[in-house]
Amino acid sequence: MPLRIYNTLTRKKELLQPIEDNHVKLYVCGITSYDYCHIGHARSALVFDMVVRYLRYRGYKVTFVRNFTDIDDKIIKRANEQDIDSAALALRFIDEFYTDMDALGTVRPDIEPKATEHIGEMTELIQTLIDKGMAYPSGGDVYFRVERYDGYGRLSGRSLEDMQAGARIEVNEQKENPMDFVLWKAAKPGEPKWTSPWGDGRPGWHIECSAMSKKYLGATFDIHGGGKDLIFPHHENEIAQSCGASGMEFANLWMHHGFVTIKDEKMSKSLGNFLTIRDVLQQYSAEELRLFIFSTQYRNPLDFSEHALQDARAGLERMYDCLAKIEQLPAGDEQGPQVVGKKDRDKLESLEERFQHAMDNDFNTAQALGLLFDAVKTLNKVLRAAGGQVAADDYNLLTTTAATIKQLGEVVGILQHDPVEVMQQKKEQLLAAIDLSEAEISNLIEKRNQARANKDWATSDEVRDTLLASNIVLKDGPDGTTWDVK
RNA sequence: GGCGACGUAGCCAAGCGGUAAGGCAGUGGUCUGCAAAACCAUUAUUCAGCGGUUCAAAUCCGCUCGUCGCCUCCA
């Protein structure tokens, strides 16, 4: 029954115990909007989409906040390169982000705050830190005084000494300590700026999340999430700012997902080995992409390859095919022979429970999906054994299990389309690429059936080979011949 | 250099102290005129290597090797 989540802070799986009974408050670091999103961003969005869906499925109320960083060095730089306004650039890529998210079918967060709309909250927080001696203005900037916060390094598991030893930080004369980080940046000429007690400027990156999470979720909340690359310095600094200012705990649980890699290297802009979400969605459906992403547990690295996506496609089709067959099954016959054995019945009836058990273990989607596939395997076996004549009891088991599979699929966002239609659409799509209509295929099948009735195998095989040349595969079953596009 | 993660069949991937899920691919069989599909069976005496703890280890501990990540913007 209990849901356990791996907490980066303690390096252990911990029971989820929301501060407010049954209400989970979740903050996720969103994108910096200056470019199209790549598959790594898709993984992030999809992982937390799954988390929210699962928590809600388990009966929790979830308040989900995900921010937009719409002011930052990269945005300014990119806007300058294109000679456009930085705010306009940021807005444009927020729009593009929504386009991608809608295509992926992710649930919208409840609140999506933008950094530029919370400057007041940030300056207030910075002032609190200055008042407490945890921050200091210097030359128009304001810096966080890292040595004044005892717990600095506890999230990333490193000591201040370790970090200083290997510091690759640029020497900055304005800092008291090289590890101090900026809370407020003085504006250079021509840069976007806001007024503050320390002069015109803009916020540093980390302060926005501290300010906005506090505003919408409170000083202490349940889960804070993001990619592994945010652990240091971003989340470490958030903890320092938030705990430093409030004197209270910040997020109770820290969830960090692994990277998407290509040939085992991190996908990133600097390496140039990234694919955008829309690139991939041109070739693969959102559900295929989801199946691929959830084929491994969220903390592990996930290697992107054409082969892996093809596997996901084959797997998803296998599931839909099974569901479609059940949907088209004639209602159960009271007289029909029962073919489902006790072992299979128990297995199918306990599917939801076992699925929950897997997901309760730190959202183990890989195992959960394995259980779904295992159920499909069993359903296929039953369908085969029944041969179209299903006993009423078996029929009920088949249809309720199919409904359960669809319901559980919703947690990871797959199997949400009508199975019969999906299989039909798949055919039509592929047919469109071939110069044959369904009617022509039916005619050819009819011709072949006549030839077969006359035991004219030469003609029969000729028809089959002709169709095969157009990627149409014939399947002779007990109820006649059906076909599929290869 | 500091810190961390990972190494399970041809590929992907669960399992986290009680004797190796699942997917893709392969092989044999049922079915078929022959096929295809589907189904059934089968595919790791073994979990990078070497030691140790334990009645029992892929699972815990130590060392070695290998891969990757963070330490600078990054999901």
Side-chain angles (χ1 to χ4, degrees), chain A residues 8 11 13 28-32 34 37-48 69 72-74 77 153 156-159 161-170 179 205 225-234 236 256-261 264-271 274 291-292 295-297 299-303 305 307-308 310-316 318-319 321-322 325 354 358 361 364-377 380-385 387 451-452 455-457 460-461 464-465 468 472-478 481-484 486:
Chain A
T8 309
R11 274 151 253 265
K13 287 180 192 171
V28 175
C29 288
I31 58 156
T32 299
Y34 72 106
C37 288
H38 59 61
I39 298 304
H41 298 113
R43 186 180 194 188
S44 178
L46 257 15
V47 162
F48 289 106
T69 299
D72 128 301
D73 289 349
K74 291 191 295 294
K77 180 165 176 264
S156 53
R158 48 191 102 198
S159 68
E161 298 80 69
D162 289 345
M163 287 188 276
Q164 282 167 357
R168 281 196 265 159
I169 304 272
E170 276 178 57
M179 294 312 294
W205 175 33
K228 275 194 157 88
D229 47 2
L230 296 183
I231 296 173
F232 190 89
H234 187 52
E236 193 70 73
H256 293 98
H257 65 260
F259 303 126
V260 176
T261 59
D264 292 326
E265 279 193 324
K266 181 182 171 185
M267 182 183 283
S268 74
K269 299 239 156 123
S270 48
L271 284 169
F274 64 93
L291 189 60
F292 160 67
S295 68
T296 189
Q297 206 266 353
R299 284 187 287 125
N300 296 144
L302 175 66
D303 202 50
S305 71
H307 182 74
Q310 287 291 347
D311 280 4
R313 170 169 288 176
L316 189 68
R318 185 177 154 81
M319 286 182 164
D321 188 51
C322 173
K325 278 188 289 194
R354 288 179 296 128
N361 181 16
N364 194 336
T365 53
Q367 188 173 33
L369 286 170
L371 294 171
L372 255 34
F373 275 110
D374 194 38
V376 164
K377 191 176 182 174
N380 277 333
K381 190 172 82 179
V382 172
L383 283 168
R384 167 73 182 182
R452 291 177 77 208
K455 297 201 188 296
D456 177 4
W457 308 129
S460 163
D461 287 352
R464 190 172 67 200
D465 291 344
L468 193 61
I472 305 288
V473 188
L474 297 183
K475 302 178 189 176
D476 296 329
T481 303
T482 58
W483 56 272
D484 246 328
K486 192 157 74 175

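A note on names: the letters A, B, ... follow the listed sequences, proteins ahead of strands, and every chain is numbered from 1.
Considering only residues two or more places apart in sequence or on other chains, A/His234 meets the ring-ring contact (aromatic ring centres under 6.0 Å, His included) condition with A/Trp205, A/His206. Take A/Asp456 and apply the side-chain hydrogen bond (donor to acceptor under 3.5 Å, both in side chains) test, not counting sequence neighbours, and it matches A/Thr459. Annotation: side-chain contact (heavy atoms from CB on, under 4.5 Å) contacts of A/Leu371 (sequence neighbours excluded): A/Leu351, A/Arg354, A/Ala358. For A/Lys13, the side-chain contact (heavy atoms from CB on, under 4.5 Å) partners at least two apart in sequence or on another chain are A/Arg4, A/Tyr6, A/Arg299, A/Asn361, A/Asp362.
Counting non-hydrogen atoms under 4.0 angstrom, A/Leu474 reaches a base of the nucleic acid. A/Asp456 comes within 4.0 angstrom of nothing in the nucleic acid, heavy atoms only. Using a 4.0 Å heavy-atom distance criterion, A/Val47 is classed as making no nucleic acid contact. A/Gly40 comes within 4.0 angstrom of a nucleotide base, judged by non-hydrogen atoms across all strands. A/Lys74 comes within contact range of the sugar-phosphate backbone alone, with a heavy-atom separation under 4.0 Å but no base atom that close. A/His234 comes within 4.0 angstrom of nothing in the nucleic acid, heavy atoms only. Residue A/Arg158 is classed as a base contact, given a heavy-atom separation below 4.0 Å to a base. Within 4.0 Å of A/Gln310, counting heavy atoms only, lies no atom of the nucleic acid at all.
Put simply, NZ on A/Lys381 is 16 Å from P on B/A38, counting in whole angstrom units. For the pair A/Asn361 CG and B/A14 C1', the interatomic distance rounds to 10 Å; values are reported in whole Å. In this structure, A/Leu291 places its CG atom 13 Å from P of B/A13, rounding to the nearest Å. For the pair A/Phe232 CZ and B/C70 P, the interatomic distance rounds to 13 Å; values are reported in whole Å. Remark: P of B/G4 and NE2 of A/His257 are 22 Å apart, rounded to the nearest angstrom. Rounded to whole Å, the distance from CG on A/Leu302 to P on B/C68 is 17 Å. In this structure, A/Glu161 atom CD and B/C3 atom C1' are separated by 13 Å, rounded to whole Å. Between the CG atom of A/Asp264 and the P atom of B/G69 there is a distance of 9 Å, rounded to whole Å.
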Problem set entry | Summary of protein contacts for nucleotides 28-34 of chain B, nucleotide by nucleotide, where a base hit scores B, a sugar-phosphate-only hit scores S (4.0 Å, heavy atoms) | --B--BB
For this session: Do nucleotides 18-24 of chain B as a string where each nucleotide becomes B, S or -: B if the base has a protein heavy atom under 4.0 Å, S if just the sugar-phosphate does, - if no protein is that close.
Result: ---BSBS
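Here the side chains of A/Val473 and A/Leu468 are in contact, with some heavy-atom distance below 4.5 Å. Taking 4.5 Å as the limit, every side-chain heavy atom of A/Met267 sits out of range of all side-chain heavy atoms of A/Phe259. Within the 4.5 Å cutoff, the side chain of A/Arg384 has no heavy atoms near those of the A/Asn380 side chain. Contact check for A/Tyr34 versus A/Lys77: no side-chain heavy atoms found under the 4.5 Å cut-off.
Rounded to a whole angstrom, the distance from the C1' atom of B/A9 to that of B/U27 is 14 Å. Taking atom P on both B/A21 and B/G26, the two are 22 Å apart, rounded to the nearest angstrom. Comparing the P positions of B/A14 and B/G2 gives an interatomic distance of 30 Å, to the nearest angstrom. Rounded to whole Å, the separation between the P atoms of B/C12 and B/U19 comes to 27 Å. Taking the C1' atom of each, B/G15 and B/G23 are spaced 16 Å apart, rounded to whole Å. Separating the C1' atom of B/U42 from that of B/A25 is a span of 14 Å, rounded to the nearest Å. Between the C1' atoms of B/U30 and B/G22, the separation comes to 24 Å (whole Å). Rounded to whole Å, the P atom of B/A20 lies 30 Å from the corresponding atom of B/C63.
Atom-to-atom distance recorded for A/Leu291:CG and A/Leu316:CG is 6.0 Å, nearest 0.5 angstrom.
Taking a pair to require two hydrogen-bonding distances under 3.5 Å in either a Watson-Crick or a G-U wobble arrangement, B/A25 remains unpaired. With a cut-off of 3.5 Å on both pairing distances, the Watson-Crick or G-U wobble partner of B/G69 is B/C3. When both distances must be under 3.5 Å, the Watson-Crick or G-U wobble mate of B/A38 is B/U30. Nucleotide B/A48 is matched to B/U64 when pairs are restricted to Watson-Crick or G-U wobble geometry with both distances under 3.5 angstrom. Base pairing analysis places B/G18 opposite B/C55; the two distances defining the Watson-Crick or G-U wobble pair are each below 3.5 Å.
If you find the closest nucleotide of RNA chain B to A/Lys269 and to A/Lys13, the one lying nearer the 5' end belongs to A/Lys13. Toward the 5′ end of RNA chain B lies the nearest nucleotide of A/Arg11, the other residue of the pair A/Arg11 and A/Lys228 mapping further downstream.
Between A/Thr296 and B/A14 there is a side-chain N or O to OP1 or OP2 distance below 4.0 Å. Within the 4.0 Å cut-off from OP1 or OP2 of B/A14, at least one side-chain nitrogen or oxygen of A/Asn300 is found. Look at A/Asn364 and you won't find any side-chain N or O under 4.0 angstrom from OP1 or OP2 of B/A14. Contact annotation: A/Lys475 does not reach the phosphate of B/A35 (side-chain N/O to OP1 or OP2, under 4.0 Å).
Ring geometry for A/His38 versus A/Phe274: interplanar angle of 30 to 60°, hence tilted.
Residues A/Met319 and A/Val376 share a closest heavy-atom pair of CG-CG2, 4.1 Å.
Ion pairing between a basic and an acidic side chain is recognised when a charged N comes within 4.0 Å of a carboxylate O; A/Arg464 and A/Asp461 show such pairing.
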